[in-house]
Amino acid sequence: FFKQKTAYEIKECDWSSDVCSSDLGMLASTSIGIIAHPSFPAKTIPELIALAKKEPGKLNIGTSVPGSGSYLAAEMFKARAGIDVSLVPYKGSAALTSDVLGGHVPVIFAVPQSSLGNIQAGQLRMLAMTSTQRVPLLTDVPTVGESIPGFEAVLRYGLLVPAGTPRPIVDRLNAALRSVVGSDDVKDRIAKEAGNSLVSSPEEYAAEIAREDAMWNPLIKSLNIKVE
């Protein structure tokens with residue numbers, strides 16, 4: 001199971017609740033890309049911000065569904081950049097990539113995995129990544145933080161166990177997880193998808209969730225986003 005703890009309203013007991021689950025360890029992380037059609041006039045984040053400020057409310061930016069990582073990253077970008085743009089939510093990455101390729105939406109926020117081939121072929125242009133450091137697979141692509149200091153929007157994935165799982169079992173499962181995620185083969189596969197492998201203890205995973213809670217909760221509450 002993948003875990004994402006946020007300030008979303010939890011209507012029933014589910015796997016994002018401490019009542020039902022406990023942290024086991026992290027697996028990997030992936031940055032979100034700001035990806036544009038080649039005809040889009042802005043080629044950098046400062047140019048994108050300038051364009052949006054020149055014509056408030058006119059720029060459409062594609063994202064995944066409200067509440068998703070790319071949607072929240074776009075909302076944070078809007079707030080930090082001080083721009084007025086319209087977010088256009090899509091139900092899946094395939095439709096999102098298809099529409100930016102077709103020029104139906106000029107720029108999108110999306111994980112890069114679904115469009116790496118298009119980017120490498122010059123059919124799409126990556127303006128920036130939302131991680132704090134440049135992605136090794138795309139070292140020529142700047143981070144948003146190089147233009148907006150401190151900006152970070154990274155998807156981190158981890159595993160859960162049922163709440164109350166005995167600690168010896170948690171430790172044994174965590175050791176197995178660390179062994180797999182830390183192997184050269186797995187690290188290489190994740191890196192080829194523009195991701196980073198993450199090895200952690202349950203406590204380190206819990207601390208990371210707490211840090212991201214503090215970062216994302218104010219934005220989620222201000223947007224009144226709820227899980228349906």
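- Counting heavy atoms from C-beta on, the side chains of Leu124 and Val100 come closer than 4.5 Å.
- Remark: the backbone N or O of Met26 is paired with a side-chain donor or acceptor of Ser200 at under 3.5 angstrom.
- The local environment of CD in Gln133 is sparse, with at most 12 non-hydrogen atoms from other residues, nucleotides or ligands closer than 6.0 Å.
- Side chain of Glu47 to backbone of Lys43: a donor-acceptor contact under 3.5 angstrom is found.
- Taking CE of Met129 as the start and CD1 of Ile45 as the end, the distance is 11.5 Å to the nearest 0.5 Å.
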Salt bridge (charged side-chain N to carboxylate O under 4.0 Å, His left out) between Glu152 and Arg211, worked out: CA-CA 12 Å; Glu152 177 190 6; Arg211 185 187 74 84; 3.0 Å; yes
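- Judged purely by atom type and a 3.5 angstrom limit, Glu204 uses its side chain to pair as donor or acceptor with the backbone of Ser201.
- When atom types are taken as modelled, the side chain of Glu146 and the backbone of Thr143 share a donor-acceptor pair closer than 3.5 angstrom.
- The line from NZ of Lys54 to CG of Leu59 is 13.0 Å long, rounded to the nearest 0.5 Å.
- For the pair Leu27/Tyr205, no side-chain contact is recorded, criterion being any heavy-atom separation below 4.5 Å from C-beta on.
- A distance of 6.5 Å separates OG of Ser114 from CD1 of Ile35, quoted to the nearest 0.5 Å.
- The side-chain heavy atoms of Val170 and Leu24, taken from C-beta on, include a pair separated by under 4.5 Å.
- Panel note: side chain Thr97, backbone Ala94; no donor-acceptor pair is recorded below 3.5 Å.
- For Arg125 (side chain) and Ala42 (main-chain N/O), a donor-acceptor pair under 3.5 Å exists by modelled atom type.
- Within the 4.5 Å cutoff, the side chain of Pro112 has heavy atoms near those of the Met126 side chain.
- With 3.5 Å as the limit, one finds no donor-acceptor pair spanning the side chains of Glu193 and Thr30.
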Working for ring pair (Phe, Tyr, Trp, His ring centres under 6.0 Å), residues Tyr71 and Phe109: CA-CA 7 Å; Tyr71 182 90; Phe109 275 63; over 10 Å; no
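- Remark: the backbone N or O of Ser131 is paired with a side-chain donor or acceptor of Ser31 at under 3.5 angstrom.
- In this structure, Val144 and Thr130 have side chains that are in contact, with non-hydrogen atoms separated by less than 4.5 Å.
- Other residues, nucleotides and ligands place more than 12 heavy atoms under 6.0 Å from the CG atom of Asp188.
- With hydrogens and angles disregarded, a donor-acceptor distance shorter than 3.5 Å links the side chain of Thr165 to the backbone of Pro162.
- The CG atom of Leu87 lies 10.0 Å from the CG atom of Leu72; values are rounded to the nearest 0.5 Å.
- Distance alone, capped at 3.5 Å, is enough to place a donor-acceptor pair between the Arg80 side chain and the Pro149 backbone.
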